[in-house]
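Everything below concerns the one structure shown next.
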Amino acid sequence: MKINQNISAVIVNDQLLRNENSLSASVKKLSSGFKFNDPKDNPSGMAISFKMQAQIHALNRASLNATDGVSMVETIDGAMGEMTEILQRIRELCVQAGNDTNTLEDRDAIQQEIDALKEEVNRISSATEFNGKKVLDGSLDRRTYVTAEEQVTQPDGTTVTKEVSMFDRITNVIVSDEVQAGEYNVTIEKAAEHAVITSTPDASVTMPATVIEESQEGTISINGSKVEIKAGMTADEVYEAIRDAGELGWVNVFATDGTPGPLNKDNLDTQGYQKLPGGYQFGSTLAFVSQNYGSDESVTITCDNEELAKILGITEISDVEYTETIEWSWKTFGADGNPNAVPPIPDVPAQAITGGYNGPADGGPALNAFTKAGEGTLYINGISIAIKEGMNANETYQAIQNALDKSGVTVSIDGNPAPTTFSFSDKLVFATEKGGMYTEIDIKYDKDEIGELLGLSGPNGLKGSVDGYTPSDPVREILSIEYKAVEKGEDAQVSIKENVIDPTTGLPETDPVTGDPIKKIREEYTGQAVITADGNQVVITDKSGFEMSFEVRGDIANKEIKIEATDIGTLQLQIGANEGQELAVRVPILNTTSLYMDDLDVRKVGGPDRGMDTMDGAIAIVSAARSLMGSYENRLDYIQSNLDETEENMTKAISRLGDVDMAEEMTEYTNANVLTQASISVLAQANDLPQQVLSLLQG
């Protein structure tokens with residue numbers, strides 16, 4: 001036995017330390033609930049646990065982000081809902097204004113409400129916010145940039161080619177979600193044009209000294225908006241009346257020298273014509289310019305007084321049409337007989353004999369059927385017979401005979417009541433079935449050609465056959481005249497094609513037959529791309545929902561522009577736990593300009609109809625935007641559900657990895673506790689072993 005070293009105690013003490021460590025680790029696990037509380041417990045498990053814990057926290061935050069996104073989308077949709085109500089009300093007002101029971105004052109009142117509602121649409125667009133962010137002003141829409149190469153003069157006088165912004169000339173650019181980010185080239189070949197008519201006063205006419213005279217009174221119509229020019233009106237009053245009528249007819253009217261100048265941003269509404277600084281005077285040239293662009297826009301001017309038309313220069317407008325509304329009239333009577341005569345003389349019917357067709361009055365080729373100029377109405381004792389283009393002699397005679405059936409008036413050819421055929425050169429005989437001085441044949445018609453072909457006018461025109469009564473020749477009366485000038489605008493001409501380049505020569509290839517350059521659709525589009533222009537509005541569509549639209553200012557021509565579509569600008573919602581897991585929410589700009597309703601005016605001619613059509617389009621745009629918001633809201637709801645479920649499953653996973661099994665650990669704890677107590681007891685006995693050496697020393 002040894003006393004210098006108590007080996008047994010050392011051994012027991014070491015084991016006690018191990019048991020105490022096991023007991024301490026078990027107590028820590030039981031008290032914390034984790035399988036590992038220090039890296040040494042499970043280095044790889046702890047690393048995995050921390051990574052999963054970061055994911056869980058991020059998923060929880062992403063779920064809250066989705067909730068915030070839903071709140072924002074709901075706010076946007078709420079604003080759009082109010083805008084929809086406003087648009088519905090405006091459309092209702094357009095329908096109300098379209099009823100002709102309304103006076104101009106009524107339409108003024110309706111327009112005041114429409115203007116106020118349009119201002120509210122713009123206010124909603126500019127003022128709607130969420131957490132301080134504007135949401136309907138376009139700041140959350142995709143950014144597009146429009147540029148073109150232009151010659152720019154340097155400070156030293158030299159010119160260089162630079163890429164400059166075109167946003168002041170290419171406006172209201174809208175791209176669909178299917179338009180991929182990139183550059184899209186478009187060639188503006190020709191600018192859209194307003195419809196323009198310029199009047200040139202007749203130099204042979206003496207202009208009014210100061211005011212309109214009675215012989216110059218008349219009615220002017222501009223696109224259906226009428227104004228009466230009355231005696232006593234001064235030049236200023238005439239101009240004011242015409243200008244206001246033009247305004248209601250979607251036409252700008254102003255005095256000009258008649259010479260168009262180069263177009264720029266300051267004179268687009270006058271199509272380049274300069275306004276006279278002194279205003280309108282009798283004898284000045286007037287310019288009539290449509291307020292809108294395109295082939296659907298026109299300027300139509302009519303005037304019903306020849307002198308007034310000459311003063312205003314309407315008679316000198318190129319291709320002006322002159323139309324007379326005429327009436328030919330002729331009448332003859334029958335005669336009373338003498339019952340006292342021997343033998344008695346019967347009453348004589350009224351009778352009319354035509355002279356037959358003798359060829360056209362202008363000496364041209366003879367007609368065998370009515371032309372467009374002969375379409376009109378023939379009246380015989382008030383009974384109307386419609387004369388249509390293309391009717392030949394037999395068809396005309398049959399129509400007359402059918403109309404006069406049972407009318408008390410008969411028609412025959414040269415007195416033959418049952419002819420086989422009728423030729424325009426034959427004479428027609430009209431007679432009343434009864435006689436007497438109170439019977440009559442009253443013939444009227446409203447086209448010169450009717451009188452010519454049926455022999456009602458001309459040198460051998462209508463004659464009566466009653467003894468002692470000779471009716472006068474047919475009288476031609478001009479009921480009204482009309483000078484009418486019409487001019488249409490033009491749509492912008494836009495192309496997405498480019499020249500095919502010969503790889504050998506580097507020059508454009510040409511068609512061997514026509515010599516024209518061969519063109520192809522640009523590579524950024526597909527071969528199915530289509531481009532349309534309505535006035536200055538251009539729309540490019542392609543397959544798979546590709547759509548790009550914009551408006552072209554009226555002074556751009558022969559210009560190649562580049563539209564760069566980006567993914568910048570949309571609202572990015574972080575809806576995932578990792579980088580790049582975002583949802584792009586696109587909120588289109590919604591105001592009176594983007595809805596194409598800023599010029600809606602129900603007071604103008606056709607304004608209510610235009611307004612209804614405009615509002616249908618505006619409501620469709622807002623409805624599409626609301627549908628988009630609805631799809632975002634549904635998607636965010638699903639995203640939130642997915643994030644919550646993923647978080648739940650990851651929490652289960654980290655629990656399996658790091659949470660302690662209390663029952664199992666309690667067993668370990670009990671075992672370590674018993675071993676520790678046993679170790680302490682044995683250590684006490686081991687410490688008593690050196691005492692046994694003393695018994696040896698005593699013996």
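As the structure is a prediction and not an experimental result, all values here were calculated from the model. Values below: all heavy atoms of this structure, side chains included; hydrogens, waters and symmetry mates excluded.
Under a 4.0 Å N-O distance rule, the pair K434/D347 does not qualify as a salt bridge. Comment: D613 does not engage R91 in a salt bridge, judged by the lack of any side-chain N to carboxylate O separation of less than 4.0 angstrom.
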Working for side-chain contact (heavy atoms from CB on, under 4.5 Å), residues L595 and V622: CA-CA 8 Å; L595 297 176; V622 176; 3.9 Å; yes
Criterion side-chain contact (heavy atoms from CB on, under 4.5 Å) on N460 and N358, from CA distance to verdict: CA-CA 8 Å; N460 300 313; N358 294 310; 3.4 Å; yes
Stepwise side-chain contact (heavy atoms from CB on, under 4.5 Å) test for I531 and V539: CA-CA 6 Å; I531 187 166; V539 180; over 6 Å; no
Test side-chain hydrogen bond (donor to acceptor under 3.5 Å, both in side chains) applied to N223 and S225, step by step: CA-CA 6 Å; N223 282 3; S225 175; over 6 Å; no
Worked verdict on T101 versus N99 for side-chain hydrogen bond (donor to acceptor under 3.5 Å, both in side chains): CA-CA 5 Å; T101 59; N99 196 356; 3.3 Å; yes
Stepwise salt bridge (charged side-chain N to carboxylate O under 4.0 Å, His left out) test for K604 and D599: CA-CA 11 Å; K604 297 182 178 181; D599 63 346; over 6 Å; no
Criterion side-chain contact (heavy atoms from CB on, under 4.5 Å) on M597 and L87, from CA distance to verdict: CA-CA 10 Å; M597 54 179 285; L87 299 183; 3.6 Å; yes
N394/Q398 under side-chain hydrogen bond (donor to acceptor under 3.5 Å, both in side chains): CA gap, chis, key distance, verdict: CA-CA 6 Å; N394 278 325; Q398 189 64 49; over 6 Å; no
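Residues P360 and A366 come closest through the heavy atom pair CD-CA, 3.8 Å. Closest non-hydrogen pair, H194 versus V289, comes out as CB-CG1, 3.6 Å. Closest non-hydrogen pair, F370 versus I450, comes out as CE2-CA, 3.8 Å. Scanning all heavy atoms of the two residues, the minimum distance from I314 to C303 falls at CD1-CB, 3.8 Å. Closest of all the heavy-atom pairs between A533 and A492 is CB-O, 3.2 Å. The minimum heavy-atom distance linking A192 with G535 is given by the pair CB-O, 3.4 Å.
Cation-pi geometry between K275 and F254 is met: under 6.0 angstrom from the ring centre, within 45 degrees of the axis.
Proximity of a side-chain donor or acceptor of T432 to a complementary backbone N or O of A350 within less than 3.5 Å is detected. Under a 3.5 Å cut-off, the side chain of D534 and the backbone N or O of Q537 do not form any donor-acceptor pair. The backbone N or O of E237 sits nowhere less than 3.5 Å from a side-chain atom of Y280 that would complete a donor-acceptor pair. Looking at D426, its side chain does come within 3.5 Å of a backbone N or O of S423 through a donor-acceptor pair. Without hydrogens or angle criteria, E217 side chain to A231 main chain gives a donor-acceptor distance under 3.5 Å. Under the 3.5 Å distance criterion, the side-chain polar atoms of T332 are left unmatched by any main-chain donor or acceptor of P471. The main-chain N or O of Q96 is found under 3.5 Å from a side-chain atom of N102 such that the two form a donor-acceptor pair.
Crowding of N402 atom CG: a count of heavy atoms from other residues, nucleotides or ligands under 6.0 Å exceeding 12. The 12-atom threshold is not exceeded at NZ of K230, counting heavy atoms of other residues, nucleotides or ligands nearer than 6.0 Å. Heavy-atom neighbours of K447 NZ from other residues, nucleotides or ligands within 6.0 Å: above the threshold of 12.
Atom CZ of residue R243 and atom CG of residue L248 lie 11.0 Å apart, to the nearest 0.5 angstrom. Here D555 contributes atom CG and E193 contributes atom CD; the two are 12.0 Å apart, rounded to the nearest 0.5 Å. Rounded to the nearest 0.5 Å, atoms CG (D491) and CD (E297) are 9.5 Å apart. S472 OG to L462 CG: the interatomic distance, rounded to the nearest 0.5 Å, is 10.0 Å. Rounded to the nearest 0.5 Å, atoms CG (L286) and CD1 (I222) are 8.5 Å apart. For the atom pair CG (L479) and OG1 (T325), the distance works out to 6.5 Å, reported to the nearest 0.5 Å.
Counting only N and O atoms by type, the side chains of E307 and S215 include a donor and acceptor under 3.5 Å apart. For K310 and Q216, the side-chain atoms include no donor-acceptor pair closer than 3.5 Å. Between the side chains of D202 and S204, at least one donor N or O lies within less than 3.5 Å of an accepting N or O. With 3.5 Å as the limit, one finds a donor-acceptor pair spanning the side chains of Y322 and E324. Between T103 and D106, the side chains place a donor N or O and an acceptor N or O closer than 3.5 Å (distance only, hydrogens not considered). In summary, the side chains of Q111 and D115 do present a donor paired with an acceptor at a separation below 3.5 Å, with no hydrogens or angles considered. Counted by atom type alone, T371 and E449 present one or more donor-acceptor pairs between their side chains at under 3.5 Å.
Here the options are T396, T354, N368, the test is side chain to side chain contact (heavy atoms under 4.5 Å, CB included), and the partner is F424; only T396 passes. When each of K118, R89, R107 is paired with E113, the salt bridge (Lys or Arg N to Asp or Glu O under 4.0 Å) condition holds for R89 and for no other. Exactly one residue among M612, R610, M615 makes a side chain to side chain contact (heavy atoms under 4.5 Å, CB included) with L600. That residue is M615.
For Y239 and F282, the ring centers sit 6.0 Å or farther from each other.
Ring-plane geometry between Y445 and W328 is classed as parallel, the angle between the planes falling under 30 degrees on a 0 to 90 degree scale with a further cut at 60.
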